[in-house]
Amino acid sequence: MQPHPDNFERLDIEIPEYTGDSHPFSKGQNPQFYRVIKDPAEGRTLRTTFFEKNLVGLYWALGRPVPYAFRTRDGTVRSLDAGCVQFLFNRRPPEVEYVRDPDEYIIAVKPLEPLLERFQEDYRSAIAPYSRLAKILALPFDVDSPVDERRRVISEQVRRDGAVAFRRDISHAWGTRCAISGVRISQVLDAAHIFPYFGAATNDLRNGIMLKSDLHILFDAHLLSLEYVSGALRVRASKRLRDSPYSKYHDKAIDLPHDLSHQPAPDAVRKHFEEFQQMESKEQT
């Protein structure tokens with residue numbers, strides 16, 4: 001079954017106007033989704049250049065593949081032009097990768113290195129229309145080069161600055177419920193860091209998620225993780241949990257907070273999932 005408009009992600013953006021005949025980000029309440037786009041051409045026109053630049057800018061702002069269809073700030077449904085997408089896919093080497101749902105429909109598009117490199121020098125211009133979104137989604141620290149700002153007390157235990165405020169904010173954002181299990185008993189809920197606590201900067205709302213205490217332990221041990229799949233945040237359970245009650249959570253879609261600024265940051269989720277995958281690989285060797 002094709003994705004339904006009621007489930008389209010809402011992004012805090014407006015797509016720039018295009019002065020040509022047909023805008024490459026189509027409007028329409030019920031866009032057509034494809035398993036296969038039958039167009040063997042490889043196009044390079046002003047229209048495809050406009051499309052490429054905005055696709056890359058959106059990808060940089062979101063930090064993840066661009067949804068094939070979404071709603072803009074005012075609720076308008078926009079979708080990627082199928083022809084433009086396929087033109088990029090037909091290039092050699094391909095300049096985009098498709099993300100598919102379980103029914104094999106294309107639900108998101110990921111720009112690849114050849115396309116990203118072409119706009120690297122034009123980064124500011126490409127991301128400019130989506131700078132508001134990028135600012136909302138940005139973390140105040142770099143997950144790939146973190147600075148450990150923790151202070152150690154005499155006992156050598158790490159003092160968690162802002163722990164009370166962090167728990168309060170995470171609890172509010174997630175409605176005092178476990179994001180994975182849905183449990184609402186506050187006494188067994190933890191405000192979990194997605195990227196480990198490295199000082200006050202990592203106490204960011206978008207670096208947290210509410211978890212039941214046992215799930216928190218598994219998450220910190222990278223036996224559970226998260227992965228964004230075209231806007232949906234899905235649970236990933238380790239193969240080591242296959243014969244446990246926790247295996248039922250694998251591939252579960254998490255109900256995200258409505259406010260985009262309260263949702264887990266793609267960079268933090270990506271980093272945790274990468275470490276989860278590394279742990280899984282070690283188990284297989």
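The structure presented is a predicted model; accordingly, all values stated were derived computationally and were not measured.
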Taking distance alone, no hydrogens or angles, what donor-acceptor pairs closer than 3.5 Å link side-chain atoms of residues 125-135 to residues at least two apart or in another chain?
unit_1 : atom_1 : unit_2 : atom_2 : d
Ser125 : OG     : Lys53  : NZ     : 2.6
Tyr130 : OH     : Asn54  : OD1    : 2.6
Ser131 : OG     : Ala128 : O      : 3.1
Arg132 : NE     : Asp12  : OD2    : 3.0

Original post:
Salt-bridged, Arg206 to Asp204, with N to O below 4.0 Å?
Top reply: no
Original post:
When you measure from the side chain of Gln2 to the backbone N and O of Phe33, does any donor-acceptor pair fall under 3.5 Å?
Top reply: yes
**OP:** Check for a donor-acceptor pair, side chain of Tyr197 on one end and backbone N or O of Ala192 on the other, with a separation under 3.5 Å.
**Re:** no
Subject >> Near-ring test Phe8/Phe70, centroid separation under 6.0 angstrom >> reply: no
Original post:
Got a second to check how far Met210's CE is from Ile170's CD1, nearest 0.5 Å?
Top reply: 8.0 Å
**OP:** Apply side-chain hydrogen bond (donor to acceptor under 3.5 Å, both in side chains) to Gln86 and Asn90, showing your working.
**Re:** CA-CA 6 Å; Gln86 190 64 22; Asn90 290 342; 2.9 Å; yes
Original post:
Phe276: which other cluster members, linking ILVMFWY side chains closer than 4.5 Å, directly or transitively?
Top reply: Phe273
Original post:
When the aromatic ring centroids of His193 and Phe198 are compared, is their separation below 6.0 Å?
Top reply: no
**OP:** Please lay out, stage by stage, how Leu116 and Val56 fare under the test side-chain contact (heavy atoms from CB on, under 4.5 Å).
**Re:** CA-CA 7 Å; Leu116 296 174; Val56 168; 3.9 Å; yes
Original post:
Using 4.0 Å as the upper bound for N to carboxylate O, is an ion pair formed by Lys282 and Glu275?
Top reply: no
**OP:** For the pair Ser247 (side chain) and Asp243 (backbone), establish whether a donor and an acceptor sit closer than 3.5 Å, ignoring hydrogens and angles.
**Re:** no
Subject >> side-chain hydrogen bond (donor to acceptor under 3.5 Å, both in side chains) evaluation trace for Thr176 with Ser171 >> reply: CA-CA 5 Å; Thr176 317; Ser171 179; 3.0 Å; yes
**OP:** Report yes if some heavy atom in the side chain of Arg71 is under 4.5 Å from a heavy atom in the side chain of Pro5; otherwise report no.
**Re:** yes
Original post:
Is the backbone N or O of Pro266 less than 3.5 Å from a side-chain atom of Arg64, with the two atoms forming a donor-acceptor pair by type?
Top reply: no
**OP:** Walk me through it: do Asp81 and Arg47 pass the test side-chain contact (heavy atoms from CB on, under 4.5 Å)?
**Re:** CA-CA 10 Å; Asp81 180 85; Arg47 186 169 183 266; 3.1 Å; yes
Subject >> Flag if over 12 foreign heavy atoms under 6.0 Å of CD, Gln120 >> reply: yes
**OP:** Inspect the surroundings of CG in Asp21 and state if more than 12 heavy atoms from other residues, nucleotides or ligands are less than 6.0 Å away.
**Re:** no
Original post:
Quick one: are Ile254 and Trp174 in side-chain contact, heavy atoms under 4.5 Å?
Top reply: yes
Original post:
Is there a donor-acceptor contact under 3.5 Å from the side chain of Glu95 to the main chain of Leu115?
Top reply: no
Subject >> Ile180 side, atom CD1; Asp214 side, atom CG - distance, nearest 0.5 Å >> reply: 9.5 Å
**OP:** Determine, stepwise, if the pair Glu227 / Arg270 fulfils salt bridge (Lys or Arg N to Asp or Glu O under 4.0 Å).
**Re:** CA-CA 7 Å; Glu227 182 184 17; Arg270 169 186 60 80; over 6 Å; no
Could you pull out all donor-acceptor pairs under 3.5 Å where a side-chain atom in residues 103-111 meets a protein atom, sequence neighbours excluded?
unit_1 : atom_1 : unit_2 : atom_2 : d
Asp103 : OD2    : Met1   : N      : 3.0
Tyr105 : OH     : Arg35  : NH1    : 3.4

Original post:
Can you tell me how far the CG atom of Leu189 sits from the OG atom of Ser213, to the nearest 0.5 Å?
Top reply: 8.0 Å
**OP:** Run the ring-centre check on Phe25 versus Phe51 and record whether the distance is less than 6.0 Å.
**Re:** yes
Subject >> Sidechain N-carboxylate O distance under 4.0 Å for Arg236, Glu280 >> reply: no
**OP:** Take Glu52 and Arg118 through the test side-chain contact (heavy atoms from CB on, under 4.5 Å) and record every step on the way to the result.
**Re:** CA-CA 10 Å; Glu52 293 167 13; Arg118 193 154 66 250; 3.1 Å; yes
Original post:
Are the side chain of His23 and the backbone N or O of Pro16 linked by a donor-acceptor pair below 3.5 Å?
Top reply: yes
Original post:
Under 4.0 Å between a Lys/Arg side-chain N and an Asp/Glu carboxylate O for Asp255 and Arg177?
Top reply: no
**OP:** Please test Lys212 against Leu215 for side-chain contact (heavy atoms from CB on, under 4.5 Å), starting from the C-alpha separation and ending with a verdict.
**Re:** CA-CA 5 Å; Lys212 190 164 166 279; Leu215 298 178; 4.2 Å; yes
Subject >> Distance, nearest 0.5 Å, that separates CD1 of Ile15 from OG1 of Thr76 >> reply: 10.5 Å
**OP:** Drop me the distance from Leu58's CG to Leu80's CG, to the nearest 0.5 angstrom.
**Re:** 8.5 Å
Original post:
Rounded to the nearest 0.5 Å, how far does CG of Leu46 lie from OG1 of Thr19?
Top reply: 8.0 Å
